[in-house]
Amino acid sequence: MDIWLPENVSTFGQGVDNLFILIYWITLIAFILVTATLIAFLILYRHRPGHKATYIEGSTKLEITWTTATTVIVFGLALLSYPQWNRIKSPTELPPADVVVEVSAKQFNWDMTYPGPDGEFDTEDDLQLENQLHVPVDKIVHIRLTSVDVIHSFFVPNLRLKQDTLPNRFITVWFEATKPGRFEIPCAELCGFQHSGMLGYLTVHSQADYDAWKAERWPPQ
Amino acid sequence: MQDNENKSHENDNDEHHLPANGDNGTESHDHDHDHDHDHDHDHVHDHDHDHDHDHAHNHEESFISKYIFSLDHKMIGKQFLLYGLIMFFVGGGLALLFRWQLAYPERPVPIIGASQQYIDDGEVVTAADRMWEKIFDSDKEEWLEVNMPSGVIEPAFYNMLFTMHATIMVFFVVVPILVGAFGNFLIPLMIGTRDMAFPVLNMLSFWLAVLAAIIMTAGFFVPGGHAAAGWTGYAPLSADPQWTGVDWGQNLWAISLLIQGFSSLVGSINYITTVINMRAPGMTFFRLPLVIWSLFIVAILLLLAFPVLSSALALLIFDRLAGTTFFSSTAEGGGDPLLWQHLFWFFGHPEVYILILPGMGIASEILPVFSRKPIFGYHSMVYAMITIAFMGWIVWGHHMFQSGMQPGLGTFFMTTTMLIAVPSAIKTFNWLGTLFRGSIRFTTPMLHGIAFVSMFVIGGLSGIYMANTPVDIYIHDTYYIVAHIHYVVFGGSLFAIFGGIIYWFPKMYGRHMNDTLSKIHFWLTFIAFNCTFFPMHILGVGGHMRRISNPMQYEFLQGFQGINIFITMSAFTLGFAQLILLYNFFWSMARGKVAEKNPWNVTTLEWEAPTPVPHGNFAQIPTVYRGPYEYSVPGEESDWIPQAQPEHAPATGGD
Ligand code: HEM
Ligand SMILES: [Cu+2]
Ligand SMILES: [Cu+2]
């Protein structure tokens with residue numbers, strides 16, 4: 001049984017994992033220090049006959065020290081996260097797309113719409129598949145997310161990608177998969193009685209496979 | 001007794017020399033008045049010739065006015081406590097039901113459910129089978145058949161269960177106990193006054209809360225079932241019955257919360273007024289015990305935050321009943337689902353601090369008393385709470401990082417959220433400082449106080465992960481958040497509540513709780529709590545979504561079934577442990593060891609009042625001479641100096 005992050009298969013996922021691991025170490029050390037101090041104090045200063053507590057009202061020096069130390073650490077963490085966050089979510093840093101797919105959530109399915117060879121939506125050669133997302137490896141994929149009813153959340157654990165979908169609004173997210181394979185796309189936002197089980201599949205193809213898949217769907221004239 | 005009377009005399013004399021505030025002035029005048037108006041303060045007269053206990057005797061009250069429509073802050077506090085405890089068991093029961101489903105998806109719940117054999121081939125084996133046979137035979141659609149056919153929890157019912165579990169725990173357990181029970185009981189006693197500023201409003205606040213609870217409970221039995229859109233009630237799921245099939249359930253949910261909001265509002269006005277105006281002479285703001293500071297700040301937060309939720313709820317009700325579209329973005333509508341989230345979390349984030357601040361306050365009372373030391377950094381504790389209260393208004397967007405809110409705002413909210421972790425850290429360090437070179441007594445309240453600190457540390461640290469926007473992309477809406485919530489609210493607030501109940505029980509009911517049972521309850525709870533909620537971090541890191549009824553539907557979650565079963569078993573143990581508390585609570589109320597006036601040797605004013613505390617609290621309004629944490633003062637014989645004890649040489653009192 002794996003009790004750590006599942007395999008990461010996106011280009012930006014490593015950045016997320018690195019931050020996670022950094023915070024993991026910081027919080028683990030903080031936790032150990034605090035807990036060890038706590039336990040040490042509980043043992044050292046337990047009530048014993050003949051010992052009196054020492055009257056200490058506080059220490060401005062200590063207050064300033066630990067306030068500054070924690071501020072520096074958490075602010076440093078924030079600074080480290082800005083570029084990662086912008087890289088993944090900022091609309092102004094969106095890398096140009098190789099492939100675009102429109103994903104529309106509806107209770108309780110993902111409708112994946114492919115624009116077809118002409119690259120345009122709302123044309124005759126559009127292809128709609130339920131719960132099946134096919135993309136090529138090592139290419140930048142744009143997903144135009146929307147919803148026809150309530151809020152859902154497009155979650156691909158292996159890509160470290162999550163984005164809520166909103167009715168009547170399009171939100172574009174991107175990813176670049178680094179490895180072929182089949183990955184699950186659960187819905188992560190409560191969306192009704194069958195929210196549990198709302199599930200799609202992402203298939204990342206090698207370039208050759210992807211071309212074959214395309215040729216099968218849109219046979220060359 | 002004799003000592004006390006002498007002390008009262010001293011106070012009495014001093015009172016006239018002190019720059020008394022208005023309240024005190026009235027008090028002194030009362031002294032010379034006659035008995036005939038039935039004013040709360042009248043029994044003051046007796047105190048020279050009688051035992052403290054006798055003060056209550058002046059009040060011949062009927063059962064109704066004493067126990068039901070009471071105007072006495074102590075009785076109202078106890079009413080809120082009982083109310084919260086009852087709802088605690090309702091909310092906990094719901095959780096155990098859905099935990100069963102998570103461990104053993106699609107299997108009948110024990111005791112209620114039919115046996116597997118009955119489901120497979122209709123053969124009656126158990127008493128439950130017979131019940132199900134009857135239910136299936138009957139013509140009318142029974143409640144159980146709709147929600148739990150053969151005892152298996154339906155997905156829609158599952159949503160209803162976790163929605164109501166969280167709603168009840170947040171709005172009907174933790175806030176009523178922390179704010180309603182402790183706030184009411186402690187504020188007048190600890191600031192040294194006879195009652196709340198507005199006793200009638202106070203009573204109204206309780207009975208509104210009862211009304212809200214009745215409406216909330218009624219929601220389970222209306223057609224379509226209870227609200228099932230989560231305690232956060234995200235629109236449009238909550239805004240239109242067509243998405244959930246829930247009709248009046250959601251309406252009642254909103255109406256009940258509106259009423260509960262009104263109750264909180266009334267209560268908070270009362271608390272604020274009381275703390276500002278009615279402090280005993282000498283009780284300056286910086287001599288207030290920290291729990292009073294926390295309740296005062298929380299009252300201000302409640303006053304400002306709840307109206308925001310109320311407006312959101314009102315709009316939601318319009319959307320549902322009047323066909324408006326505030327929260328749906330249809331072409332002709334013009335509303336926006338994100339509006340709901342902004343309103344909800346603008347209320348919701350201050351609300352989570354409402355859930356923790358009084359817990360911090362209670363821990364800040366318990367730790368010094370049982371370390372026999374002043375609280376470390378009293379002023380920075382106060383400033384940390386004030387900072388939290390201010391910053392709490394500008395972090396709500398951290399609940400919406402992945403909601404479709406403009407990502408630039410995410411950056412802003414990440415920064416503020418990271419910074420709000422600082423005052424929480426300051427408080428933790430100060431609690432550690434309080435233990436440093438103390439003389440620690442491991443009483444049961446102290447065990448809870450220590451547990452509070454260590455559990456809050458875990459909850460605060462897990463908050464950092466989610467405050468970090470890139471990491472939150474992955475762990476948002478997973479069990480990681482569920483772990484976080486429970487470490488702060490159960491590990492934090494509830495441990496503080498348990499500790500507070502045991503600590504103040506002698507003052508509330510005049511008896512001690514049974515210590516052996518309390519200790520068993522503590523250790524069982526502490527261990528089962530960690531076994532229940534710590535593994536949820538692991539589930540969250542594995543990507544396990546929250547609010548799903550059957551993890552086995554996902555390939556990537558198959559491996560977690562073992563953990564889910566372990567969590568469920570721990571949860572049942574945790575639930576069982578609470579029965580010990582319940583039993584101990586009621587048993588001790590009647591049979592516990594009779595308590596002295598100040599069994600823990602505490603400095604603060606509530607322990608100056610006689611036990612049981614009579615109507616009007618104090619024989620003589622005490623005068624405050626010092627801060628609340630004067631323990632182990634150098635050069636003193638006793639290791640504690642009560643706030644109300646005058647300076648040593650009696651002569652120094654006058655000028
Ligand atoms: C150290 C300080 C804290 C930080 C940095 C922090 C951070 C966060 C963040 C970022 C979230 C949103 C996670 C998400 O939805 O992705 C969250 C959720 C939550 N926090 Fe905290 N938190 C802190 C302390 C507290 C405290 C003291 C409480 C309450 C007693 C609390 C109660 C909650 C609750 C109830 C939720 C979940 C709401 C929901 O979605 O149902 N947190 N916290
Ligand atoms: Cu969903
Ligand atoms: Cu928050």
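We name chains A, B, ... by the order of the sequence lines, and we start the count at 1 in each one.
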The interface call for B:T434 against chain A, heavy-atom contacts under 4.5 Å, is neither
Counting N and O atoms only, with roles assigned by atom type, does the side chain of A:E184 sit under 3.5 Å from a partner on the main chain of B:F556, one being a donor and the other an acceptor?
yes
Is any side-chain heavy atom of B:H379 closer than 4.5 Å to one of A:T60?
no
Is the backbone of A:S196 close enough, under 3.5 Å, to the side chain of B:S549 for a donor and an acceptor to pair up by distance?
no
Can you tell which part of A:Q163 gets under 4.5 Å to a heavy atom of chain B, answering side chain, backbone, both or neither?
both
Does any backbone or side-chain atom of A:F155 lie under 4.5 Å from a heavy atom of chain B? Answer side chain, backbone, both or neither.
side chain
Under a 3.5 Å distance rule, please check whether A:Y55 uses its side chain to pair with a backbone N or O of B:Y631 as donor and acceptor.
no
At a heavy-atom separation under 4.5 Å, does A:E189 approach chain B through its side chain, its backbone, both, or neither?
both
Given the options A:R46, A:H47, A:K52, B:S439 meets side-chain hydrogen bond (donor to acceptor under 3.5 Å, both in side chains) only with A:H47
Just so I know, are the side chains of A:E57 and B:E630 near enough to count as touching, which here means a heavy-atom distance under 4.5 Å?
yes
So, B:N159 side chain and A:G192 main chain: donor-acceptor pair closer than 3.5 Å or not?
yes
Which bit of A:T35 comes within less than 4.5 Å of chain B, counting heavy atoms only: side chain, backbone, both or neither?
neither
side-chain hydrogen bond (donor to acceptor under 3.5 Å, both in side chains), paired with A:Y82, selected from B:T411, B:T415, B:T469
B:T415
Counting only heavy atoms closer than 4.5 Å, note whether A:F170 contacts chain B via side chain, backbone, both or neither.
neither
Just wondering, do A:L77 and B:M418 contact through their side chains at under 4.5 Å, heavy atoms?
yes
Taking side chain as everything from C-beta outward and backbone as N, CA, C, O, which of these in A:L166 sits under 4.5 Å from a heavy atom of chain B? Side chain, backbone, both or neither.
side chain
Using heavy-atom distances under 4.5 Å, tell me whether B:D240 contacts chain A through its side chain, its backbone, both, or neither.
neither
Hey, which of A:Q84, A:Q107, A:R87 has the most heavy atom pairs under 4.5 Å with chain B?
A:Q107
Tell me, for B:L338 versus chain A, whether the close heavy atoms (under 4.5 Å) come from the side chain, the backbone, both or neither.
side chain
With a 4.5 angstrom heavy-atom cut-off, is it the side chain or the backbone of A:I23 that approaches chain B, or both, or neither?
both
Please classify the contact between A:L62 and chain B as side chain, backbone, both or neither, with a heavy-atom cut-off of under 4.5 Å.
side chain
Short side-chain to backbone donor-acceptor contact, A:K162 and B:Q402, under 3.5 Å
no
Can you tell which part of A:H51 gets under 4.5 Å to a heavy atom of chain B, answering side chain, backbone, both or neither?
backbone
Keeping the roles fixed (side chain from A:W85, backbone from B:P407), state whether a donor-acceptor pair exists under 3.5 Å.
yes
A:L190 versus chain B, heavy atoms under 4.5 Å apart: side chain, backbone, both or neither?
both
Examine whether an atom of A:S59 lies under 4.5 Å from a heavy atom of chain B, and if so say whether it belongs to the side chain, the backbone or both; otherwise answer neither.
both
dist A:M198:CE -> B:M545:CE (nearest 0.5 Å) comes out at 11.0 Å
Contacting region of A:N86 [heavy-atom separation from chain B under 4.5 Å]:
side chain
Check: A:R169 side chain, B:G404 main-chain N or O, donor-acceptor pair, under 3.5 Å:
yes
I'd like to know whether B:F442 forms a side-chain contact (heavy atoms from CB on, under 4.5 Å) with A:L42, so could you lay out the CA-CA distance, the side-chain angles of the two residues, the decisive distance to 0.1 Å, and finally the verdict.
CA-CA 9 Å; B:F442 294 97; A:L42 294 181; 3.9 Å; yes
